[in-house]
A.B. asks: 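This is the structure, below, for whatever I ask next.
Each ligand, and each atom within it, is numbered from 1 in the order the structure gives.
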Amino acid sequence: MLSHAAKILARSKFAIAFTGAGISAESGIPTFRGFNGLWKRYRPEELATPEAFRRDPHLVWEFYRWRMRKILRAKPNPAHYALARLEEIGVLKAVITQNVDDLHREAGTKNLIELHGNIFRVRCTSCDYRENLKGSGRVHEFVESRELPRCPRCGSLLRPDVVWFGEPLPKEALEKAFNLAERADAVIVVGTSGVVYPAAYIPYIVKERGGRVIEVNVERSGVTPVADVFLRGKAGEVLPKLVK
Ligand code: BJW
Ligand code: ZN
């Protein structure tokens with residue numbers, strides 16, 4: 001199976017990767033669904049929504065600050081580095097991620113498309129104020145605070161610059177991702193349950209256009225029905241084997 005995947009990649013002219021929370025699991029960042037995927041007793045659909053934020057911004061900010069703290073302590077794992085290396089040697093043309101952590105970038109991936117935003121950016125709920133907390137050097141102070149964060153310009157609530165259920169994905173990122181998927185002759189899908197749309201269309205687009213789908217996951221997912229090769233295992237153990 002591994003050799004089949006390696007052959008597909010070696011023969012490809014335009015391969016891409018599509019990643020989800022499972023690729024960061026070995027870095028200590030909990031996934032959304034499944035055994036380790038729960039935060040307290042909530043499901044993502046109960047926290048990652050504009051309604052939840054309107055109803056209880058304290059709860060939603062508590063969840064995001066908890067995630068920010070975990071992500072700040074986390075380091076990229078061998079799976080992130082393997083994808084960065086595959087880009088460096090010219091095999092991968094882009095990494096499309098649903099993750100909001102910065103781990104692909106930290107590992108050295110250059111052409112990164114973030115479909116669901118970035119947890120270290122915040123934006124105002126009223127005006128067009130945006131801030132990158134890592135860039136502004138405020139991130140540690142920000143995550144330790146228990147106060148609701150307010151816009152320095154207009155005083156309204158700040159929110160994480162991520163995509164919640166029912167919200168549109170960033171137009172430019174989604175267009176880029178779909179264009180890449182239409183051109184790709186192979187996609188490596190890593191650590192996603194493949195149930196959240198429109199992101200989950202990506203492997204299906206590649207497949208429909210005649211491309212090959214390689215999946216790396218510890219269990220079957222919504223992507224598995226279109227996978228040409230299913231590599232069962234942890235991303236951090238499987239992906240380095242695809243890099244020569
Ligand atoms: C390992 C591993 C290891 C573990 N190694 N593997 C079409 C059909 C049906 C529904 C819809 C549709 N189109 C839209 C919808 C509605 C909705 C949706 O998809 N709902 C479904 C759940 C039913 N989609 C939306 O609402 C989207 N918006 C939208 O469509 O807008 C339309 C619109 C247009 C114009 C105006 C207005 C609206 C938005 C979706 C936003 C998703 N947001 C979140 C939160 C982001 C911020 C944050 O991080 O907090 O994104 S929810 C959460 O799910 C997060 C993730 O990116 C996303 C996907 O999760 P992921 O990455 O797959 O993680 P898990 O936990 O599910 O899976 C982990 C996997 O790893 C598992 O398979 C494990 O086995 C595996 N694994 N360890 C390898 N070591
Ligand atoms: Zn404002």
A.B. asks: Examine distances only and state if a side-chain atom of N217 and a backbone atom of S193 form a donor-acceptor pair shorter than 3.5 Å.
C.D. replies: no
A.B. asks: Kindly indicate whether the side chain of L103, heavy atoms from C-beta on, has any atom under 4.5 Å from the side chain of E106.
C.D. replies: yes
A.B. asks: Less than 4.0 Å between a side-chain N and a carboxylate O, is that true for E51 and R55?
C.D. replies: no
A.B. asks: Between the candidates G117, A235, A48, which shows the shortest non-hydrogen contact distance to atom 79 (C) of ligand 1?
C.D. replies: A235
A.B. asks: Using heavy atoms and a threshold below 4.0 Å, how should the contact between Q98 and ligand 1 be classified: side chain, backbone, both, or neither?
C.D. replies: both
A.B. asks: With heavy atoms of V195 as the reference, note each atom of ligand 1 found under 4.0 Å away.
C.D. replies: 19 (O), 21 (C), 22 (C)
A.B. asks: Report yes if S193 has an N/O atom closer than 3.5 Å to an N/O atom of ligand 1; otherwise report no.
C.D. replies: yes
A.B. asks: Pull out every atom of ligand 1 sitting under 4.0 Å from any heavy atom of E26, numbered as shown with elements.
C.D. replies: 3 (C), 5 (N), 80 (N)
A.B. asks: Would you check if the side chain of R65 reaches a backbone N or O of F142 as a donor-acceptor pair within less than 3.5 Å?
C.D. replies: yes
A.B. asks: So between P198, P30, S24, whose heavy atom ends up nearest atom 30 (O) of ligand 1?
C.D. replies: P198
A.B. asks: What part of W164, side chain, backbone, both or neither, has a heavy atom within less than 4.0 angstrom of ligand 1?
C.D. replies: backbone
A.B. asks: Between D128 and R153, does at least one N-O distance fall below 4.0 Å, as a salt bridge requires?
C.D. replies: yes
A.B. asks: Which of the numbered atoms in ligand 1 are below 4.0 angstrom from a heavy atom of G20?
C.D. replies: 62 (O)
A.B. asks: Whether the side chain of N118 engages the backbone of F120 through a donor-acceptor N/O pair (distance < 3.5 Å, no angle test) should be reported.
C.D. replies: yes
A.B. asks: Once rounded to 10°, what is the value of the angle centred on the Zn ion (ligand 2) between C154 SG and C127 SG?
C.D. replies: 120°
A.B. asks: Which of these, V95, L112, L92, sits in a side-chain contact (heavy atoms from CB on, under 4.5 Å) with E87?
C.D. replies: L92
A.B. asks: Angle class for the Y201/F178 ring planes (parallel below 30°, perpendicular above 60°, tilted otherwise)?
C.D. replies: perpendicular
A.B. asks: Tell me which one of L239, L2, V190 satisfies side-chain contact (heavy atoms from CB on, under 4.5 Å) with L231.
C.D. replies: L2
A.B. asks: Report, in ascending order of atom number, the atoms of ligand 1 lying under 4.0 Å from any heavy atom of E219.
C.D. replies: 75 (O)
A.B. asks: Pick from R121, R138, R123: which one makes a side-chain hydrogen bond (donor to acceptor under 3.5 Å, both in side chains) with E131?
C.D. replies: R138
A.B. asks: Please check this pair: side chain of E215 against backbone of A227, looking for a donor-acceptor N/O pair closer than 3.5 Å.
C.D. replies: no
A.B. asks: Heavy-atom distances under 4.0 Å decide this one: backbone, side chain, both or neither, for R67 against ligand 1?
C.D. replies: side chain
A.B. asks: Would E45 count as a polar contact of ligand 1, with the cut-off being nitrogen or oxygen pairs under 3.5 Å?
C.D. replies: no
A.B. asks: Heavy-atom distances under 4.0 Å are what count here, so tell me which part of V100 touches ligand 1: side chain, backbone, both or neither.
C.D. replies: side chain
A.B. asks: Backbone, side chain, both or neither: what part of A25 comes under 4.0 angstrom of ligand 1, heavy atoms only?
C.D. replies: side chain
A.B. asks: Tell me which one of G22, A199, G166, G233 gets a heavy atom nearest to atom 3 (C) of ligand 1.
C.D. replies: G22
A.B. asks: Taking 4.0 Å as the limit for heavy-atom contacts, which would you say applies to V162 with ligand 1: side chain only, backbone only, both, or neither?
C.D. replies: side chain
A.B. asks: Going by the closest heavy atom to atom 55 (C) of ligand 1, which one wins out of Y64, Y197, F32, Y201?
C.D. replies: F32
A.B. asks: If you stand at the Zn ion (ligand 2) and look out to SG of C124 and SG of C151, what angle do those two lines make, to 10°?
C.D. replies: 110°
A.B. asks: Show the atoms of ligand 1 that are less than 4.0 angstrom away from any heavy atom in G191.
C.D. replies: 6 (N), 69 (C), 70 (C), 71 (O)
A.B. asks: Would you say T49's side chain and W164's backbone share a donor-acceptor pair under 3.5 angstrom?
C.D. replies: no
A.B. asks: Taking the minimum heavy-atom distance to atom 72 (C) of ligand 1, which of L239, L115, N217 ranks first?
C.D. replies: N217
A.B. asks: Taking NZ, NE, NH1 and NH2 as the nitrogens, is one of them in K13 or D185 under 4.0 Å from a carboxylate oxygen of the other?
C.D. replies: no
A.B. asks: N/O of F165 under 3.5 Å from N/O of ligand 1, yes or no?
C.D. replies: no
A.B. asks: Ligand 1 and R33, any nitrogen or oxygen pair closer than 3.5 angstrom?
C.D. replies: yes
